[in-house]
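Below is one structure, written out as structure tokens; the observations come after it.
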Amino acid sequence: MTFPHDPHDRLPRGDKNRRLSLGASREDLADAAGITVEQLHDYEHTQPDRHFSFAVARRVGEALERLEATRTPLVSNGPVPTDAAE
């Protein structure tokens, strides 16, 4: 299960920061997510008041979770949130 659980709650710019903190290129993440580099670029550059593809968001979230499980971040993003707040 990804964080956040609902793709509607994803923050494209936050996902970009997660990718950068892992030292993953756009090509790395797009390949891991099974999407094109252009789809990833469009997703990561979505403005806060714009809509994005929830299918792409779900795939990006899942790929980030897999990468975070196998790579050491270059930057600390703090602790992983728990479900206690729900």
Side-chain angles (χ1 to χ4, degrees):
M1 182 158 307
T2 63
F3 174 81
H5 304 299
D6 186 346
H8 294 85
D9 295 332
R10 296 206 73 78
L11 299 172
R13 295 281 174 121
D15 286 344
K16 179 180 179 181
N17 290 337
R18 288 173 68 187
R19 173 180 66 81
L20 294 173
S21 75
L22 292 169
S25 68
R26 283 188 188 144
E27 292 80 8
D28 291 339
L29 184 57
D31 185 52
I35 60 175
T36 66
V37 174
E38 183 177 85
Q39 286 174 307
L40 179 60
H41 177 272
D42 291 347
Y43 171 72
E44 288 184 339
H45 289 87
T46 301
Q47 296 297 317
D49 60 342
R50 302 286 185 216
H51 297 285
F52 53 85
S53 166
F54 298 126
V56 169
R58 180 183 48 79
R59 287 175 169 243
V60 167
E62 291 168 353
L64 283 168
E65 297 284 329
R66 288 192 304 272
L67 291 173
E68 288 171 337
T70 60
R71 292 188 180 193
T72 302
L74 304 174
V75 176
S76 174
N77 289 320
V80 175
T82 64
D83 291 333
E86 291 183 7

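Quantities reported herein were computed from a predicted structural model and do not represent experimental measurements. The residues of the chain are indexed from 1 along the displayed sequence.
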Any heavy-atom pair between the side chains of Leu64 and Val60 that's under 4.5 Å?
yes

Would a 4.5 Å heavy-atom cut-off, applied to side chains only, mark Arg10 and Tyr43 as touching?
yes

Look only at the side chain of Glu65 and the backbone of Glu62, and say whether a donor-acceptor pair between them is shorter than 3.5 Å.
no

pair Leu22-Glu68: side-chain heavy atoms closer than 4.5 Å:
yes

Is there a donor-acceptor pair closer than 3.5 Å between any side-chain N or O of His41 and the backbone N or O of Val37?
no

Gap between atom CD of Glu44 and atom CG of Leu11 - 0.5 Å precision
13.0 Å

Interatomic spacing from CD in Gln47 to CZ in Arg13 - rounded to 0.5 Å
5.0 Å

Do Asp28 side-chain atoms and Ser25 backbone N/O form a donor-acceptor pair below 3.5 Å?
yes

Looking at Arg50 and Asp42, is there a salt bridge between them, counting it only when a charged N and a carboxylate O are closer than 4.0 Å?
no

Within the 4.5 Å heavy-atom criterion, are Arg19 and Leu67 side-chain neighbours or not?
no

Kindly indicate whether the side chain of Leu40, heavy atoms from C-beta on, has any atom under 4.5 Å from the side chain of His45.
no

Without swapping roles, check the side chain of Arg59 against the backbone of Gly34 for a donor-acceptor pair under 3.5 Å.
yes

